[in-house]
Amino acid sequence: MAEGVTAAACAPPPDVETDDCLRDYRHLFSPDILAGQVAFITGGGSGIGFRIAEIFMRHGCRTVIASRNLQRVSEAAQKLVAATGQQCLAQCVDVRQPQTLAAAVEEALKHFQRIDILVNNAAGNFLCPASALSFNAFKTVLDIDTLGTFNTSKVLFEKYFRDHGGVIINITATLSYRGQALQVHAGAAKAAIDAMTRHLAVEWGPNKIRVNSLAPGPIAGTEGYRRLGGQSAEQASMWDTIPLQRAGTKTEIAHSVLYLASPLSSYVTGTTLVVDGGSWLTSANSFSALLDVWAAGANTTA
Ligand code: HXC
Ligand code: NAP
């Protein structure tokens with residue numbers, strides 16, 4: 001490190017690897033920055049979505065966490081309420097089925113009378129070379145990620161945001177920027193979402209709706225990290241090539257989502273915030289190395 005340079009601005013806040021709440025938390029943003037608001041977070045029962053829910057709740061927000069596995073979101077909601085003292089409603093949805101989203105949004109509005117923030121975080125992914133990817137596997141990832149994001153955004157727009165305004169944050173990825181090997185399905189799906197972000201920002205801006213994407217890099221303690229070979233990359237010191245020389249944490253992503261959700265970003269719309277320590281600029285994109293990870297079984301279905 002250069003002499004006299006403080007590392008504080010690059011130091012990650014504390015995190016825990018599992019889907020549990022943080023043991024200690026020090027507010028960097030004002031603790032009431034989301035006071036009185038309600039956020040609807042798809043995939044909020046695990047990984048990055050769980051931590052986004054926790055950080056929002058620690059800043060005064062009530063949350064709805066929604067995914068296919070009701071037991072998982074219900075258990076997550078209990079943990080979140082216990083750690084933060086805020087309210088959290090668990091809902092069962094499949095983002096590929098608009099009627100499940102409509103029912104969940106109606107229930108959320110009945111419960112909280114408002115929704116201010118939508119985080120489209122639900123996704124599906126696995127390593128697979130294009131040559132081995134079935135037509136249905138490609139379609140499945142596009143259905144969950146891209147159509148799921150459109151479905152959820154449209155339901156929220158029609159049921160609340162059109163008349164009240166709101167904020168939408170789409171969790172995407174940097175995979176398409178350099179054509180990441182073994183990721184044609186997820187890269188294409190997330191690139192389409194980044195395009196959707198710009199289209200909807202233009203069309204829905206007059207309704208006082210801001211729409212942005214947030215593209216994380218490799219984030220430790222997540223299913224995505226496990227499936228994409230994050231642990232073996234870490235063991236092989238591959239993160240040394242990232243400008244900030246480490247994987248990111250769920251709390252770091254949640255803090256950046258909090259910025260995009262809050263009035264701090266009141267004039268920010270139609271953009272993608274990359275939160276990856278500079279990773280996509282320098283990390284290896286080795287077809288053969290990723291084939292080795294794939295062959296070793298990191299492509300296992302959950
Ligand atoms: C190849 C696979 C596969 C795999 C499933 N398929 N897993 N193909 N490799 N590992 C194929 C199946 O054979 C089938 O095609 C088709 O995909 C649909 O599979 P289903 O199991 O029926 O789908 P479904 O039950 O809808 O489950 C969706 C899923 C699953 C994506 C396949 O893994 C899931 O639910 N994932 C959610 C959790 C998750 O993925 N988290 C990580 C997000 S991380 P056929 O032809 O046989 O019918 C992330 C990181 C991005 O997105 C960027 C990181 C840098
Ligand atoms: P994760 O824990 O597996 O999160 C995905 C969530 O989506 C799960 O809670 C899952 O819950 C839900 N989900 C999946 N399919 C769904 C469907 N059809 N309908 C409703 N919910 C569904 O993985 P993660 O790693 O934290 O990923 C979170 C987000 O970050 C994703 O958008 C991912 O693409 C993005 N991302 C992650 C990384 C990383 O390093 N982890 C990097 C870049 C981008 P159920 O199974 O209960 O439905």
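FYI, side chains are in, hydrogens and waters are out, and symmetry mates aren't considered; it's all heavy atoms of this structure. Remember, it's 1-based here, ligands and their atoms both numbered in the order they're listed.
Pro129 places a side-chain heavy atom less than 4.5 Å from the side chain of Leu182. In this structure the side chain of Ile168 reaches within 4.5 angstrom of the side chain of Leu118, judged on heavy atoms. Contact annotation: the side chain of His111 never approaches that of Val38 to less than 4.5 Å [non-hydrogen atoms, C-beta and beyond].
Distance from atom 47 (O) of ligand 2 to its nearest protein heavy atom, with residue and atom name: Ser67 OG, 2.6 Å. Here the heavy atom of the protein found nearest to atom 48 (O) of ligand 2 is Arg68 NE, 2.7 Å. Scanning the protein heavy atoms around atom 10 (C) of ligand 2, the nearest turns out to be Arg72 NH2, 3.8 Å. At the shortest separation from atom 2 (O) of ligand 2 among protein heavy atoms lies Ser46 OG, 2.7 Å. Looking at atom 34 (O) of ligand 2, its nearest protein heavy atom turns out to be Lys190 NZ, 2.9 Å. Looking from atom 39 (C) of ligand 2 to the surrounding protein, the closest heavy atom is Thr222 OG1, 3.7 Å. Residue, atom and distance of the protein heavy atom nearest to atom 20 (C) of ligand 2 are Val93 O, 3.5 Å. Here the protein heavy atom with the shortest distance to atom 23 (O) of ligand 2 is Glu223 CB, 3.9 Å.
Considering only non-hydrogen atoms, atom 39 (C) of ligand 1 lies nearest to Ala123 out of Ala123, Gly230, Gly43. Summarising the contacts of atom 7 (O) of ligand 2 with Ala122, Ala66, Gly44, the nearest heavy atom is found in Ala122. Relative to atom 31 (C) of ligand 2, the option among Asn121, Val73, Ile171 with the closest non-hydrogen atom is Asn121. Summarising the contacts of atom 42 (C) of ligand 2 with Gly148, Gly217, Ala173, the nearest heavy atom is found in Gly217. Comparing Leu101, Thr152, Ile48 against atom 27 (O) of ligand 2, the shortest heavy-atom distance belongs to Ile48.
Listed for the Arg210 side chain is a donor-acceptor partner under 3.5 Å among the backbone atoms of Leu260. Under the 3.5 Å distance criterion, the side-chain polar atoms of Ser262 are matched with a main-chain donor or acceptor of Tyr259. In this structure, the side chain of His185 does not engage the main chain of Thr140 through any donor-acceptor pair within 3.5 Å. A donor-acceptor pair under 3.5 Å is absent between the side-chain atoms of Asp276 and the main chain of Pro218, judged by distance alone. Between the side chain of Lys190 and the main chain of Asp145, no donor-acceptor pair closer than 3.5 Å is present.
Remark: ligand 2 atoms within the under-4.0 Å shell around heavy atoms of Arg96 are 18 (N). Close contacts of ligand 2 with Thr172, meaning ligand atoms under 4.0 Å from a residue heavy atom, involve 43 (C), 44 (C). Near Asn69, meaning under 4.0 Å from one of its heavy atoms, ligand 2 places the atoms 47 (O). Each of the atoms 41 (N) of ligand 2 lies under 4.0 Å from some heavy atom of Tyr225. Shown in contact with Gly47 at under 4.0 Å from a heavy atom are these atoms of ligand 2, numbered in order with element: 2 (O), 26 (O). Below 4.0 Å from some heavy atom of Thr140 lie the following atoms of ligand 1, by number and element: 16 (C), 18 (C), 23 (O), 26 (O), 28 (C). In the vicinity of Arg96, heavy-atom distances shorter than 4.0 Å reach the ligand 1 atoms 26 (O).
Between Ile144 and ligand 2, no N or O atom pair is found at a separation short of 3.5 Å. Remark: ligand 1 and Arg68 share an N or O pair separated by less than 3.5 Å (distance only, no angle test). Ligand 2 has no nitrogen or oxygen under 3.5 angstrom from a nitrogen or oxygen of Pro218. Any N or O atom pair closer than 3.5 Å counts here, and Ser134 shares at least one such pair with ligand 1. Between Asn125 and ligand 1, at least one pair of N/O atoms sits closer than 3.5 Å. Considering backbone and side-chain atoms alike, Ile219 places an N or O below 3.5 Å from some N or O of ligand 2. The N/O atoms of Gln183, backbone and side chain alike, include none that comes under 3.5 Å of an N/O atom in ligand 1.
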Would you tabulate the side-chain donor-acceptor contacts of residues 61-69 under 3.5 Å, counting partners in other chains and residues two or more places apart, or write 'none'?
from	atom 1	to	atom 2	distance (Å)
Arg62	NH2	Gly36	O	2.9
Asn69	OD1	Gln71	N	3.2
Asn69	OD1	Arg72	N	3.0

Please set out all donor-acceptor pairs under 3.5 angstrom arising from side-chain atoms of residues 230-240, sequence neighbours excluded.
from	atom 1	to	atom 2	distance (Å)
Ser232	OG	Gly229	O	3.1
Glu234	OE1	Tyr225	OH	2.5
Trp239	NE1	Tyr225	OH	2.9

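Contacts between Ile144 and ligand 1, counted as non-hydrogen atom pairs separated by less than 4.0 Å, involve the side chain only. When non-hydrogen atoms are compared, ligand 1 lies under 4.0 Å from neither the backbone nor the side chain of Thr222.
To the nearest 0.5 Å, the span separating CD1 on Ile171 from OG on Ser256 amounts to 9.5 Å.
In this structure, Asp116 pairs ionically with Arg114, as a charged nitrogen and a carboxylate oxygen lie closer than 4.0 Å.
The closest approach between any non-hydrogen atom of Leu228 and ligand 1 is below 4.0 Å.
Side-chain heavy atoms closer than 4.5 Å link hydrophobic residues (I, L, V, M, F, W, Y) into clusters, and following such links, even through other members, never connects Val257 to Val274.
Heavy-atom contacts from other residues, nucleotides or ligands closer than 6.0 Å to NZ of Lys79 number more than 12. The 12-atom threshold is exceeded at OH of Tyr160, counting heavy atoms of other residues, nucleotides or ligands nearer than 6.0 Å.
Ring centroid separation for the pair Trp204 and Phe161 does not come in under the 6.0 Å cut-off.
The aromatic rings of Phe29 and His59 sit perpendicular to each other, their planes meeting at more than 60°, with 30° as the lower class boundary.
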